[in-house]
Amino acid sequence: QVQLLESGGGLVQAGDSLRLSCAASGRTFSPYAMGWFRQAPGKEREFVAAISWSGRSTYYADSVKGRFSISRENAKNTAYLQMNSLKPEDTAVYYCAASLGLGVVTTAGGYRYWGQGTQVTVSS
């Protein structure tokens, strides 16, 4: 089992930045890929970004490419999502997820472990 805890969400204005963190605990001795998803009210959960176990491979949704950056520190069992130039349409609950294995995973179905989510609200 891997437990995930997100932090760093909040209320910001358009154009501001936020950094989300996702701390993993439990079965962290096994390699695992990590990802970020988000869900806005009335919408389905959507993929945001993913990173491989090594951190050398990353993948982004087109809607956040060039604005968001995913990274990880395996020594701290933590992944991050740096969000710059935030827009009102980025408002959502952001979830981190973990998938045992080495490579990037871009679909929600590929993740076994999920955090509880952290709210990000961007005002115009």
Ring geometry between Y111 and F37 (parallel below 30°, tilted from 30 to 60°, perpendicular above 60°)
perpendicular
I need the K65 NZ to T58 OG1 distance, nearest 0.5 Å.
9.5 Å
State whether the side chain of D16 and the backbone N or O of L86 hold a donor-acceptor pair below 3.5 Å, judged by distance alone.
no
Taking atom OH of Y95 and atom CD of E6, what is their separation to the nearest 0.5 Å?
8.5 Å
Check the hydrophobic clustering (I, L, V, M, F, W, Y; side-chain heavy atoms under 4.5 Å; chains of links allowed) and say if V122 and L18 are grouped together.
yes
Might you point out which heavy atoms bring A24 and Y32 nearest each other, and give the distance in Å?
CB-OH, 3.5 Å
Please name all residues satisfying side-chain hydrogen bond (donor to acceptor under 3.5 Å, both in side chains) with D90, sequence neighbours left out, ordered by chain then number.
R38, R67
Minimum heavy-atom separation for A49 to L81, with atom names?
CB-CD1, 4.1 Å
Residue pair M83, L20: steps toward the side-chain contact (heavy atoms from CB on, under 4.5 Å) verdict
CA-CA 8 Å; M83 305 185 295; L20 305 183; 3.7 Å; yes
Measuring from M34:CE to S52:OG, what's the distance to the nearest 0.5 Å?
12.0 Å
Which heavy-atom pair separates N84 from S17 by the least distance, and what is that distance?
OD1-OG, 2.9 Å
For Y80, which fellow cluster members are found when Ile, Leu, Val, Met, Phe, Trp and Tyr are connected by side-chain heavy-atom distances below 4.5 angstrom, either directly or through intermediates?
none
By the rule that ILVMFWY residues connect when side-chain heavy atoms come within less than 4.5 angstrom, directly or transitively, which residues belong alongside L5?
none
Got a second to check how far S21's OG is from R72's CZ, nearest 0.5 Å?
13.5 Å
Just checking Y59: does its OH atom have more than 12 heavy atoms from other residues, nucleotides or ligands closer to it than 6.0 angstrom?
no
Who pairs with S7 by side-chain hydrogen bond (donor to acceptor under 3.5 Å, both in side chains), at least two apart in sequence or on another chain?
none
Work out which heavy atom in A98 is nearest to a heavy atom in L4; give both atom names and the distance.
N-CD1, 3.6 Å
Would a single hydrophobic cluster contain both V93 and V12, if residues Ile, Leu, Val, Met, Phe, Trp and Tyr are joined by side-chain heavy-atom contacts under 4.5 Å?
no
What class does the angle between the rings of F68 and Y94 fall in, given that below 30° is parallel, 30 to 60° is tilted and above 60° is perpendicular?
tilted
Smallest separation among heavy atoms of V48 and V64, with atom names:
O-CG2, 3.5 Å
May I have all residue pairs that pass disulfide bond (SG atoms under 2.5 Å apart) and include part of residues 44-124, sequence neighbours excluded?
C22-C96
How long is the straight-line distance from CZ of F47 back to CH2 of W36, given to the nearest 0.5 Å?
12.5 Å
Determine the minimum heavy-atom distance between S30 and L100, stating which atoms define it.
CB-CD2, 4.1 Å
Counterpart residues, side-chain hydrogen bond (donor to acceptor under 3.5 Å, both in side chains), relative to Q116 (two or more places apart)
none
